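Remember, predicted model here, so these are calculated numbers, not experimental data.
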Amino acid sequence: MDGILGSSLSVFLGVTVLVFGGCGVLTGQTLAEGWKPLKLALAYILLLGLGDRFLVWGLFGGQLLSFYGFVVHTVVIGAITLTAYRIAVARRMVSQYPWLYERSGPFGWRERVGGTLAE
């Protein structure tokens, strides 16, 4: 497991999922609330992945230049960030345009039938 992750499982769960996953949630929500494009989120995901590798190496003695570790950690952080981004965009669309859209699950919205505020 250390070869794939570039660190132990406990370090992966603690640093990557909890700490940098939390940073990813905040990053995704902030970008979505500011109507920033998705490609900007991808740039921040790469920066979070680099920061994660550095802290895993600096604090816990993980492999700094582990390619697979970087990819796995960055994909996990990216999935968390993009999920938070999509949820925040859906929430923003429905709250900002309630006469046009209604919620359609946690990730989407649809056009409001009838186009009125009251149902």
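Arg112 places no side-chain N or O within donor-acceptor distance of the main-chain N or O of Glu102, the cut-off being under 3.5 Å. Of the possible polar contacts, one joining the Arg53 side chain to the Gln63 backbone as a donor-acceptor pair under 3.5 Å is found.
Here the options are Thr81, Thr74, Val75, the test is side-chain contact (heavy atoms from CB on, under 4.5 Å), and the partner is Ile77; only Thr81 passes.
Following chains of ILVMFWY side-chain contacts shorter than 4.5 Å, one cannot reach Leu65 starting from Val71, and the two form parts of different hydrophobic clusters. Linking ILVMFWY side-chain heavy atoms closer than 4.5 Å, directly or via other members, places Leu13 and Val19 in two distinct hydrophobic clusters. The hydrophobic cluster containing Val25 does not contain Leu48, counting ILVMFWY residues as joined when their side-chain heavy atoms lie under 4.5 angstrom apart, directly or transitively. Under the 4.5 Å side-chain contact rule for hydrophobic residues, Trp99 and Tyr101 share a cluster. Cluster annotation: Val11 and Phe20 are assigned to the same hydrophobic cluster (Ile/Leu/Val/Met/Phe/Trp/Tyr, side-chain heavy-atom contacts under 4.5 Å, transitive).
When all heavy atoms of Ala90 and Pro106 are compared, the closest pair comes out as CB-O, 4.0 Å. Pairing each heavy atom of Phe107 with each of Arg86, the nearest pair is O-NE, 2.7 Å. Of all the heavy atoms in Val89 and Ala32, the pair that sits closest is CG2-CB, 3.6 Å.
Separation of atoms CG (Leu55) and CG (Leu50) is listed at 11.5 Å; rounding is to 0.5 Å. The line from OG of Ser10 to CZ of Phe60 is 8.0 Å long, rounded to the nearest 0.5 Å. One finds the OH atom of Tyr85 at 10.5 Å from the CD atom of Glu33 (value rounded to the nearest 0.5 Å). Atom CD1 of Ile80 is separated from atom CG of Leu26 by 11.5 Å, given to the nearest 0.5 angstrom.
Using a 4.5 Å heavy-atom threshold, the side chains of Val72 and Thr16 count as separate. Counting heavy atoms from C-beta outward, Trp35 and Gln96 have side chains that approach closer than 4.5 Å. When side chains are defined from C-beta on, Leu82 counts as touching Leu38, because their heavy atoms get closer than 4.5 Å. Counting heavy atoms from C-beta outward, Leu42 and Leu46 have side chains that stay 4.5 Å or more apart.
A 6.0 Å sphere centred on CZ of Phe70 holds more than 12 heavy atoms belonging to other residues, nucleotides or ligands.
Applying the salt bridge (charged side-chain N to carboxylate O under 4.0 Å, His left out) test to Arg103 and every residue at least two apart in sequence or in another chain returns nothing.
Ring geometry for His73 against Phe12 counts as perpendicular: the plane angle is over 60°, on a 0 to 90° scale with 30° as the lower cut. Note: Trp57 and Phe54 have tilted aromatic rings, judged against thresholds of 30 and 60 degrees for the angle between ring planes.
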